[in-house]
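Everything below concerns the one structure shown next.
When a residue number appears, it is its place in the shown sequence, counting from 1.
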Amino acid sequence: QVQLVESGGGLVQPGGSLRLSCAASKSISDMYLMGWYRQAPGQQRDMVAAISSSGTADYVHSVKGRFTISKDNAKNTVYLQMNSLKPEDTAVYYCYSRSHDPTSMTFRNYWGQGTQVTVSS
């Protein structure tokens, strides 16, 4: 079992920046994937950014060049640096991890409870 706790959300004006943090209860160094999803009211939860165990990062097109995902294995923490924020970035942001259990040979998904990001003037 992995617990994920997000922090860093809040209210910011368009063009501003926020950095989200996701603290994991277990080591993230061997997790297959860590990422951030977001969900606006009435919409599905979509992946925003993800980073693999090797450090390869992927982003949804709408945030490329503005958001940066990173991780600190020593701190068991994943970050999402969000710059040049737009009103359409407003959503609840969820931390996500995908881990592999070598004993059961299964993958497991874990979710944080989310942190609200509101971009408004």
Side-chain angles (χ1 to χ4, degrees):
Q1 297 293 321
V2 178
Q3 289 183 307
L4 304 172
V5 180
E6 305 97 333
S7 63
L11 175 65
V12 65
Q13 294 184 341
S17 298
L18 285 173
R19 189 183 74 162
L20 306 183
S21 298
C22 172
S25 62
K26 293 184 178 180
S27 174
I28 66 172
S29 61
D30 56 354
M31 292 183 179
Y32 275 62
L33 193 71
M34 299 290 295
W36 291 92
Y37 284 66
R38 67 185 180 187
Q39 185 171 25
Q43 300 183 17
Q44 68 178 36
R45 187 177 299 184
D46 295 323
M47 186 182 75
V48 178
I51 186 166
S52 70
S53 60
S54 66
T56 301
D58 287 306
Y59 304 89
V60 67
H61 183 267
S62 60
V63 309
K64 287 183 177 179
R66 299 189 297 121
F67 291 11
T68 302
I69 187 171
S70 62
K71 62 179 180 178
D72 187 334
N73 290 336
K75 297 182 180 296
N76 293 335
T77 301
V78 177
Y79 305 95
L80 184 66
Q81 179 66 47
M82 305 185 294
N83 299 325
S84 301
L85 283 161
K86 304 175 181 179
E88 50 263 45
D89 295 319
T90 296
V92 176
Y93 284 70
Y94 297 89
C95 185
Y96 162 84
S97 70
R98 184 169 176 83
S99 303
H100 182 253
D101 187 332
T103 301
S104 62
M105 296 293 290
T106 60
F107 287 93
R108 296 181 180 181
N109 298 325
Y110 300 95
W111 296 92
Q113 292 186 317
T115 184
Q116 177 71 47
V117 172
T118 302
V119 185
S120 177
S121 60

(message) Can you tell me how far apart CZ (Arg98) and CG (Leu33) are? Round to the nearest 0.5 Å.
(response) 8.0 Å
(message) Can you tell me if Gln39 has over 12 outside heavy atoms packed within less than 6.0 Å of its CD?
(response) yes
(message) Between Trp36 and Ile51, is the side chain to side chain contact (heavy atoms under 4.5 Å, CB included) condition met? List the steps.
(response) CA-CA 9 Å; Trp36 291 92; Ile51 186 166; over 6 Å; no
(request) Would you check, one step at a time, whether the test side chain to side chain contact (heavy atoms under 4.5 Å, CB included) holds for Val119 with Met82? (result) CA-CA 11 Å; Val119 185; Met82 305 185 294; over 6 Å; no
(message) For the backbone of Gln113 and the side chain of Glu6, can you confirm whether one donor and one acceptor N or O come within less than 3.5 Å of each other?
(response) yes
(message) Please determine whether the number of non-hydrogen atoms from other residues, nucleotides or ligands lying under 6.0 Å from atom CD of Gln1 exceeds 12.
(response) no
(request) Look at the side-chain heavy atoms of Ile, Leu, Val, Met, Phe, Trp and Tyr, link any pair under 4.5 Å apart, and say whether Leu18 and Tyr93 land in one connected group. (result) yes
(message) Quick check: closest heavy atoms across Ser104 and Thr106, and the distance to 0.1 Å?
(response) OG-OG1, 2.8 Å
(message) Minimum heavy-atom separation for Val2 and Lys26, please, with both atom names.
(response) CG2-CD, 4.0 Å
(message) Quick check: do Leu85 and Gln13 have side-chain heavy atoms less than 4.5 Å from each other?
(response) no
(message) Would you compute the distance between atom OG1 of Thr90 and atom CD of Gln116 and round it to the nearest 0.5 angstrom?
(response) 7.5 Å
(request) Indicate, with yes or no, if Val60 and Val117 share a hydrophobic cluster defined by side-chain heavy-atom contacts under 4.5 Å among Ile, Leu, Val, Met, Phe, Trp and Tyr. (result) yes
(request) Determine, step by step, whether Asn76 and Ser27 satisfy the side chain to side chain contact (heavy atoms under 4.5 Å, CB included) criterion, reporting the C-alpha distance in whole Å, the side-chain angles of both residues, the deciding distance to 0.1 Å, and the verdict. (result) CA-CA 6 Å; Asn76 293 335; Ser27 174; 4.1 Å; yes
(request) State, to 0.1 Å, how close Pro14 and Ser121 come at their nearest heavy-atom pair, and which atoms those are. (result) CD-N, 3.7 Å
(message) If I take atom CG from residue Asp89 and atom CZ from residue Arg38, how far apart are they, to the nearest 0.5 angstrom?
(response) 4.5 Å
(message) Within the 3.5 Å criterion, strictly below it, is a donor on Thr118 or Ser120 matched to an acceptor on the partner's side chain?
(response) no
(message) Grouping I, L, V, M, F, W and Y whenever their side-chain heavy atoms are under 4.5 Å apart, do Tyr110 and Val48 come out in a common cluster?
(response) yes
(message) Does the plane of the ring in Trp111 sit parallel, tilted or perpendicular to the ring in Tyr96? Use 30° and 60° as the thresholds.
(response) tilted
(request) Report yes or no: is the cationic atom of Arg45 (NZ for Lys, CZ for Arg) closer than 6.0 Å to the six-membered ring centre of Tyr37, at no more than 45° off its axis? (result) no
(message) Tell me the closest heavy-atom pair linking Cys95 and Leu4, and the distance in Å.
(response) O-CD1, 3.7 Å
(request) For Ala23 and Thr77, work out which heavy atoms get closest and say how close. (result) CA-OG1, 4.2 Å
(request) Flag yes if Val63 and Met34 sit in one hydrophobic cluster, no otherwise; membership is Ile, Leu, Val, Met, Phe, Trp, Tyr, and two members link when side-chain heavy atoms are under 4.5 Å apart. (result) yes
(request) Verify side chain to side chain contact (heavy atoms under 4.5 Å, CB included) between His100 and Met31, making sure each step is shown before the conclusion. (result) CA-CA 7 Å; His100 182 253; Met31 292 183 179; over 6 Å; no
(request) Determine yes or no for a side-chain-to-main-chain donor-acceptor pair under 3.5 angstrom, with Tyr59 supplying the side chain and Ile69 the backbone. (result) yes
(request) Quick one: closest heavy-atom pair of Ser52 and Lys71, and the distance? (result) O-NZ, 3.0 Å
(request) Consider only side-chain N and O atoms of Arg66 and Asn83, and report whether a donor and an acceptor are under 3.5 Å apart. (result) no
